[in-house]
Peer 1: 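So that we are looking at the same thing, I have put the structure below in structure tokens.
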Amino acid sequence: QVTELVLDNCRSSNGEIEGLNDSFKELQFLSMANVELTSLAKLPTLSKLRKLELSDNVISGGLEVLAERCPNLTYLNLSGNKIKDLGTVEALQNLKNLKSLDLFNCEITNLEDYRDSIFELLQQITYLDGFDQEDNEAPDSEDDDDEGDEDDDDDENEAGPPGEYEEEDDEDDGASDLGEGEEEEEVGLSYLMKEEIQDEEDDDDYVEGGDEEEEGKCSRME
């Protein structure tokens with residue numbers, strides 16, 4: 001289930017790394033920098049591999065095996081190897097998904113019109129040695145994430161200034177408050193009127209009750 005494997009500074013034996021085999025079927029990132037690798041002949045089949053770091057080795061050819069064993073590569077770093085001519089790099093034409101290639105510090109970089117020649121030879125790639133044909137630097141994956149966040153922020157801003165909605169809400173609130181106030185006033189008036197009526201009835205009862213008591217007292221005295 002391993003998806004990333006870093007074997008930098010290990011020592012290869014007879015062109016292979018002990019333990020690295022076809023069982024790593026889920027591997028997407030493999031780094032074998034500075035392992036004294038002379039050839040890719042014994043590279044296992046890694047069909048899901050997308051990024052391969054092979055910098056600072058002594059590879060001089062045999063790149064055709066990459067298309068056969070790692071057909072989905074999008075990033076390949078061969079900087080600091082013994083690659084000298086375009087014929088060696090031509091084998092990478094079969095890596096149809098390859099977007100970024102690094103040949104920094106290889107002898108091939110000393111060729112006249114090196115960059116133009118590589119871009120013409122490998123038309124599927126976007127970045128060579130970290131830059132595209134217009135000399136724009138390749139973005140890091142973290143930068144891509146940040147840009148995505150900024151786009152989200154822009155979308156929120158484009159949805160419309162929040163002030164407009166707030167004003168509309170305020171107007172609606174004002175209208176509803178006014179309606180409620182009128183209702184409260186009507187209820188208050190009727191309530192007060194009922195109170196006055198009730199008070200009058202209570203007063204009458206009180207007076208009548210008082211008369212009855214007076215009559216009772218008179219009858220007892222007689």
Peer 1: Drop me the distance from S31's OG to L7's CG, to the nearest 0.5 angstrom.
Peer 2: 7.5 Å
Peer 1: Taking only distance into account, with no hydrogens and no angle test, what donor-acceptor pairs under 3.5 Å do side-chain atoms of residues 61-78 form with protein atoms, sequence neighbours excluded?
Peer 2:
{"residue": "R69", "atom": "NH1", "partner": "A41", "partner atom": "O", "Å": "2.5"}
{"residue": "R69", "atom": "NH1", "partner": "L43", "partner atom": "O", "Å": "2.7"}
{"residue": "R69", "atom": "NH2", "partner": "A41", "partner atom": "O", "Å": "3.2"}
{"residue": "N72", "atom": "OD1", "partner": "N97", "partner atom": "ND2", "Å": "3.3"}
{"residue": "N72", "atom": "ND2", "partner": "S47", "partner atom": "O", "Å": "2.7"}
{"residue": "T74", "atom": "OG1", "partner": "R50", "partner atom": "O", "Å": "3.2"}
{"residue": "Y75", "atom": "OH", "partner": "E53", "partner atom": "OE2", "Å": "3.4"}
{"residue": "N77", "atom": "OD1", "partner": "S79", "partner atom": "N", "Å": "3.0"}
{"residue": "N77", "atom": "OD1", "partner": "S79", "partner atom": "OG", "Å": "2.8"}
{"residue": "N77", "atom": "ND2", "partner": "E53", "partner atom": "OE1", "Å": "2.8"}

Peer 1: Using the rule given for side chain to side chain contact (heavy atoms under 4.5 Å, CB included), can you reason through V89 versus L101, listing the C-alpha separation, both sets of side-chain angles and the distance that settles it, and then say yes or no?
Peer 2: CA-CA 10 Å; V89 178; L101 175 64; 4.3 Å; yes
Peer 1: Which heavy atom in L46 sits nearest to a heavy atom in L27, and how many Å separate them?
Peer 2: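 Between these two residues, the closest heavy atoms are CD1-CD2, 4.2 Å.
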Peer 1: Please report the interatomic distance CD1(I17) to SG(C10), rounded to the nearest 0.5 Å.
Peer 2: 6.0 Å
Peer 1: Give me the other members of the hydrophobic cluster that V6 sits in, counting Ile, Leu, Val, Met, Phe, Trp and Tyr linked by side-chain heavy atoms under 4.5 Å, directly or via other members.
Peer 2: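 Once heavy-atom contacts under 4.5 Å are chained together, V6 belongs with F29.
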Peer 1: What residues, two or more places apart in sequence or in another chain, satisfy side chain to side chain contact (heavy atoms under 4.5 Å, CB included) together with D22?
Peer 2: P44, T45
Peer 1: Please answer: with hydrophobic residues joined when any side-chain heavy atoms are less than 4.5 Å apart, are L54 and V58 in the same cluster?
Peer 2: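 Each belongs to a different hydrophobic cluster.
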Peer 1: How long is the span from the CE atom in M32 to the CG atom in D8, to the nearest 0.5 Å?
Peer 2: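 If we round to the nearest 0.5 Å, M32:CE and D8:CG are 9.5 Å apart.
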Peer 1: Under 3.5 Å, which donor-acceptor pairs link side chains of residues 105-113 to any protein atom two or more places apart or in another chain?
Peer 2:
{"residue": "T109", "atom": "OG1", "partner": "C106", "partner atom": "O", "Å": "2.7"}

Peer 1: Hey, mind stepping through Q93 and L122 against side chain to side chain contact (heavy atoms under 4.5 Å, CB included) and telling me if it holds?
Peer 2: CA-CA 6 Å; Q93 286 179 329; L122 305 175; 3.6 Å; yes
Peer 1: To the closest 0.5 Å, what do you measure between CG (L40) and CG (L52)?
Peer 2: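 That separation rounds to 7.5 Å.
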Peer 1: For residues 114-134, which residue pairs qualify under side-chain hydrogen bond (donor to acceptor under 3.5 Å, both in side chains), counting only residues two or more places apart or in two chains?
Peer 2: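 Found Y114-D129, D132-N136.
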Peer 1: Would you check, one step at a time, whether the test side chain to side chain donor-acceptor pair (under 3.5 Å) holds for N81 with N57?
Peer 2: CA-CA 5 Å; N81 279 277; N57 285 291; 4.7 Å; no
Peer 1: Holding to side-chain hydrogen bond (donor to acceptor under 3.5 Å, both in side chains), I want the full list of residues that pass it with E26, two or more places apart in sequence or in another chain.
Peer 2: K48
Peer 1: Quick one: list whatever passes side chain to side chain contact (heavy atoms under 4.5 Å, CB included) with D85, sequence neighbours left out.
Peer 2: T88
Peer 1: Grab the two heavy atoms, one from F131 and one from F119, that are nearest each other, plus how far apart they are.
Peer 2: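 Closest approach of F131 to F119, heavy atoms only: O-CZ, 3.8 Å.
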Peer 1: Using 0.5 Å steps for rounding, measure from the CG atom of L49 to the CD atom of E4.
Peer 2: 10.5 Å
Peer 1: Counting only heavy atoms not in K42, do more than 12 sit closer than 6.0 Å to its NZ atom?
Peer 2: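 Yes, the 6.0 Å shell around NZ holds more than 12 heavy atoms from other groups.
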Peer 1: Can you name the side chain to side chain contact (heavy atoms under 4.5 Å, CB included) partners of E18, sequence neighbours left out?
Peer 2: none
Peer 1: Is there a side-chain contact between I118 and I125, using heavy atoms and a 4.5 Å cut-off?
Peer 2: yes
